[in-house]
Each structure stands twice: as C-alpha cells, then as structure tokens.
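From a predicted model like this one, the values you see are computed outputs, not experimental measurements.
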Amino acid sequence: PDVWSLFLTAAVALMLAFLLSLGDWDRAQAAPTVTSRKERRHLRLLVLPDAAVQVKKRPEPAVGSRDVGTRLRASLEGAATNIMAVVHRGARPPWGQLQLDAAAAAGHRPLLVFVNSRSGGGQGAELLRELHSLLHRLQVVDLREEGPTPALRWWSQTGQRYRVLVCGGDGTVGWVLSCLEELQPEYVPPVAILPVGTGNDLARVLGWGGGFGGGSVVPVLQKVSEAHAAYLDRWRVLCRDVLPTGRPATLPTIGHERKTLIMCNYLGVGVDAAVALDFHQMRERRPHLFMSRLVNKAWYLKSGTLNPLRNLCKHIASKITLECDGEVVQVPSNVEGIVVLNINSFGGGCDLWGEASDNDGESGGELSDDGGERDADLWRSLSCVRPSMQDQRLEVVGVHGSFQLGAAQVGLYAAQRLAHARQVRITTRTSLPVQVDGEPWLFAKDGEIKVSYKGQALMSARRAASAHAVATDVIDWALEQRHISLDQRDVLMREISRRAQSGSAGDRRTATGMPNLIK
C-alpha cells in the first residue's frame, strides 16, 4: 500500500505539472507578439534562462536508514519538485529551495518585477498576467500574495546585477525601498517605476510619466534597461508626544512615540492632509466606487470641495509651531496648511515651490498680510533655490486652501515659500490632519512631528540625456567584468545622478509636467 500511495502521489504531481503547462500555453497565446529584432534582443537579456534555475538537492539519508521505501519516496519527491521547476511559469517552489546557476545566467541582466495587482482599478492584474507570459516565474512577484523581502533576499544572494521594476503607486515603491534598506545587500539594484497608482508623483519626477496608459508592457521593459541612475533622499518622520516644559530629566519619561514613517515625497499638515484623509476614508467605506485613476481623481476633487475637515485647518498659524533647522519660522495668518516637499511634484503633478529665479531682486509669490521688509528679504533668499531630490534639503511651503490646491493643478497657483532646511519640526496644539506620502491620519493635540534625513535610495530615471543611460550601462558592465569594485560603482552612480540632475535643473516645469513616456 505504501508503494501504491507513492505512485499515486507521483501521478498527481505529473498531472498538476501538465495542467499548469497548459495554462501557461494559453497565456502565451494571448501574450503580445514581439516582432522587431531590437525587442527580441532586449527581452533575451532581461529574461532569466530556464536552465539557470535549479532546485537544491536534498541531503542523502544516513546509510543505515536507507531502505527501498525511503529511496523511492526521496526520488519521487525530487522528481516532482524538478518537474514543477521546469514548468517555470507555473507554481513556484519556496525561495529557499531554489538556486541560480551563474554560468547559465551569464550575459543576462534580469529584471525583478513587483506588481501590486490591486492598483489602477484592475490594471495591476492585467500587467501581472502579461509579465508572467514574458518573464521567468522568479522575476515576477505579486505583492498581494507575498512581500518584497523574500525575493529581494534571494536575488541579492545570487550575485546577479539585476534591476527592479515596481508596478504600483508611490506607496508600493516606498515599501520596496524600505525592504531594500532593511536587507542592506552588498549590491543595491536601481529601482524603476511603472506608475499605476493615483498621484504617481515620484514616477513623474523620475520621468516615468503620470500613469501607465495601457497596451503592451514590452516598451516599458526596454526603457528600464535604458534608464540611468538617480538618487532619492529619504527622510525619517518621527511622531511623538510633547513632554511638558520644565519637567526634570530625572523623572521617568511619560511621552511616547506615536509612529515612525519614512518619507520620499512630501509631508502635509492642514488642508491638504484633510483632503487626503476624507478621500482615504471614503475609499475604505466604498472601495467599489474607485475603479480607475480618472474616477479616483474625480472623488479627490469632491474631497477638496466638500470636506468638513477643512474647518480644523483655519487659522493654523495659531495651532502649530514651525521650526526649520532649529529656528522658529513665522507662519502667515492666511495659511491653512504646511507642506514639506522632498520632490517638486505634489498631488498628481503640482509644482508648489515654483520655478527658481536667476535674479536675486525679483519678487513673486504671495506675501502674508503682516509681512513687510522681513517677508521681502525671505522671498529674495528663497527665490533662487532650485529644488533637488538629492540635496539632503527640504522645501517648506504654506498653502492657502483647497481651492488654491485645485488651481495649482493647472498652474494658476504657487504656494508661499517659507523655508529651505535640513530638519523640520512641527508641534501641534490641537488635533490636525497629517499625511505622509499620501498616508493620512488625524494627529492628536500636543504632538511633535520631526523630519530628519535618513539616507538615499538608488533609482532608475528616464531623461532626455541618453548619455547618462549609456554611462550607467557601462558601469554595470565594468562591475560584472570586475574592472571596478562595488564602492567604485556607487561613487560613479552618484556622480552620474548628480550630473543628470544638474543638466535638467534648468527646466523645472519639464521635470514636473513630464509627458508620459510610457506609450
């Protein structure tokens, strides 16, 4: 009976492998046809060969315990596992059971793709199906089924010079970046973005456009392989209670940390966070009403015009204290929100900071009612600041209401510049809406929000300067051939990123309103 059960197990495994292969064949028939020679060449370099993936061999049992049944069971289990591995687009064995043959993968620069299949109103699920038909099963990870860490850990141990593509919104990108930072791999892969979220502000400033327009994903994969390096500042946002003034340091601490977040894009306190919070609560209550990016923006517009939380943000200057680099910054009385910017794209493409002026005497923007000569001096000192996502500095602006934020979407409004700082601290005296990279919540009174520099993430960017992409490709080749070390590679990548950023700094409007390069 034991032998019959073993044969039955093997038969079931073979049948399952056959059914999976049929399903894969059906997906291949529906897959987009790659006709041009250039497309086929790019895909060959990006796709991991089947022969490169192997299943680790199980250790042989002790000599004394090897009977016929044990040997038969071990051989059948190994055969079934190997069959599942051959059908590489079917069910994937656990990451710990897989290993990479470096010789078989030589000459390839595979792409690891993370897909948020719930993003884009079903667009993520369509991308997942197409990517499965184009790439190896180990190159596509559905974030609805597992997190990024196991795949990143496995790939970091292979020694491959791979790249990462994140198909999702800015929140999904931040999740993958945090996992990479936690792993601290010796080789850090650059991260590209296929935007299928709502705002996609980070994708905009990196040149990937405001949203994936549909169609074949093959051109996107090509552009990822042609992108150049760019570094992105990341910031630690510490939210905690404020201790009473004058409390002796010898007494036990009664304040506690409320939450710690990582910021890549921006932080908002006040009216912008109120709009985001109302939108978030509506989507949690009625998720079926948010079926596409366009519909989501319509609901976002409704949250900006009919939002009871806006009343909490009036006269915000009397409800908060703003400190930048240790100095108290005066908040104008007509401001209803404070936004701390790391990138020059907010709320789906708005440039709240505005263009830098080459004339120190040029004035612009909107000054406060109680301004005067001090406000004029402040404007002149900030008018020449060109925002950068890798200068380890933040731009702090004040916004005057939700209607003004709507006007900023069409370039009819620029926020009031308040500071350009390395550290920002905001203390609240009442409950106020707060958001970090689109994650909103109601922050209780008597709290402190402290923003400090955390580090940088290596990204892939699309710019008009193709020479930077060529230089990035050459550096990867030199590292693969062991002509340079990992430290030298990091230094060269930072210099490429700095020069690419400097070359595009002259036209800030182009960087913010970047046309959709994914067509």
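When side chains are defined from C-beta on, Leu394 does not count as touching Arg422, because their heavy atoms never get closer than 4.5 Å. Contact of the Thr172 side chain with the Asn116 side chain is registered, since non-hydrogen atoms from C-beta on lie closer than 4.5 Å. You'll find the side chain of Val451 stays beyond 4.5 Å of the side chain of Gln423, heavy atoms only. Between Trp154 and Leu100, the closest side-chain pair of non-hydrogen atoms falls below 4.5 Å. Looking at heavy atoms from C-beta onward, Val113 lies in side-chain contact with Leu135 at the 4.5 angstrom threshold. Side chains of Trp175 and Val166 form no contact here, defined as non-hydrogen atoms less than 4.5 Å apart. Looking at Arg109 and Glu480, their side chains come closer than 4.5 Å, going by heavy atoms from C-beta outward. Contact of the Leu194 side chain with the Trp208 side chain is not registered, since no non-hydrogen atoms from C-beta on lie closer than 4.5 Å.
Listed here is the closest heavy atom pair of Ser225 and Arg163: O-NH1, 3.5 Å. Summarising the geometry of Leu131 relative to Cys167, their closest heavy-atom pair is CD1-SG, 4.2 Å, with the distance given to 0.1 Å. In this structure, Pro440 and Ala273 approach most closely via the heavy-atom pair CB-O, 4.2 Å. Glu130 and Gly215 make their closest contact through OE1-O, 3.8 Å (heavy atoms, listed as atom of the first residue, atom of the second, distance).
Interatomic distance, Leu45 CG to Gln222 CD, rounded to the nearest 0.5 Å: 11.0 Å. Taking CG of Leu134 as the start and CG of Leu111 as the end, the distance is 11.0 Å to the nearest 0.5 Å. Taken from CZ in Arg204 to CG in Asn344, the straight-line distance is 11.5 Å, to the nearest 0.5 Å. Here the straight-line distance linking atom CD of Gln184 with atom OG of Ser156 works out to 11.5 Å at 0.5 Å rounding. One finds the CE atom of Met459 at 5.0 Å from the CG atom of Leu206 (value rounded to the nearest 0.5 Å). Put simply, OG on Ser497 and CG on Leu492 are 12.5 Å apart, with the number rounded to the nearest 0.5 Å.
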Decide side chain to side chain contact (heavy atoms under 4.5 Å, CB included) for Ile475 and Met493; before the verdict, give the C-alpha distance in whole Å, the side-chain angles of both, and the deciding distance to 0.1 Å.
CA-CA 8 Å; Ile475 289 174; Met493 286 290 195; 4.3 Å; yes
Evaluation steps, side chain to side chain contact (heavy atoms under 4.5 Å, CB included), between Leu165 and Ile193
CA-CA 6 Å; Leu165 174 64; Ile193 306 172; 5.7 Å; no
As a quick check of understanding, evaluate side-chain hydrogen bond (donor to acceptor under 3.5 Å, both in side chains) for Asp272 and Tyr266, giving each step before the final call.
CA-CA 11 Å; Asp272 68 289; Tyr266 42 74; over 6 Å; no
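For Arg161 and Tyr187, the positive end sits near the middle of the six-membered ring, less than 6.0 Å away and at most 45° from its axis. A cation-pi contact, defined as under 6.0 Å to the ring centre and within 45° of the axis, links Lys259 to Trp441.
No donor-acceptor distance shorter than 3.5 angstrom exists from the side chain of Glu145 to the backbone of Asp142, with no hydrogens or angles considered. Distance alone, capped at 3.5 Å, places no donor-acceptor pair between the His228 side chain and the Ser460 backbone. Side chain of Gln139 to backbone of Leu48: a donor-acceptor contact under 3.5 angstrom is found. Side-chain N or O atoms of Glu439 include none that pairs as donor or acceptor with a backbone N or O of Val436 at under 3.5 Å. Checked by atom type and distance alone, the side chain of His136 pairs as donor or acceptor with a backbone atom of Leu138 at under 3.5 Å. In this structure a side-chain-to-backbone donor-acceptor pair under 3.5 Å is present from Asn200 to Gly210.
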Without placing hydrogens or testing angles, list every side-chain donor-acceptor pair under 3.5 Å for residues 229-238, not counting sequence neighbours.
{"residue": "Asp233", "atom": "OD1", "partner": "Gln456", "partner atom": "NE2", "Å": "2.8"}
{"residue": "Asp233", "atom": "OD2", "partner": "Asp391", "partner atom": "N", "Å": "3.1"}
{"residue": "Asp233", "atom": "OD2", "partner": "Gln392", "partner atom": "N", "Å": "2.6"}
{"residue": "Arg234", "atom": "NH1", "partner": "Glu181", "partner atom": "OE1", "Å": "2.9"}
{"residue": "Arg234", "atom": "NH2", "partner": "Ser178", "partner atom": "OG", "Å": "3.0"}
{"residue": "Trp235", "atom": "NE1", "partner": "Asn342", "partner atom": "OD1", "Å": "2.9"}

When the side chains of residues 146-153 are checked against the rest of the protein, which donor-acceptor pairs come out under 3.5 Å, sequence neighbours left out?
{"residue": "Glu146", "atom": "OE1", "partner": "Trp95", "partner atom": "NE1", "Å": "3.2"}
{"residue": "Glu146", "atom": "OE2", "partner": "Arg92", "partner atom": "NH2", "Å": "2.5"}

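Partners of His420 under the side-chain hydrogen bond (donor to acceptor under 3.5 Å, both in side chains) rule, at least two apart in sequence or in another chain, are Glu395.
When each of Asn265, Asp351, Asp201 is checked for a side chain to side chain donor-acceptor pair (under 3.5 Å) with Ser345, only Asp201 meets the rule.
Heavy atoms from other residues, nucleotides or ligands lying under 6.0 Å from CD of Glu182 number 12 at most. Atom CD of Glu186 has 12 or fewer neighbouring heavy atoms from other residues, nucleotides or ligands inside a 6.0 Å radius.
For Lys223 and Glu226, the salt-bridge test fails: no basic side-chain N is under 4.0 Å from an acidic carboxylate O.
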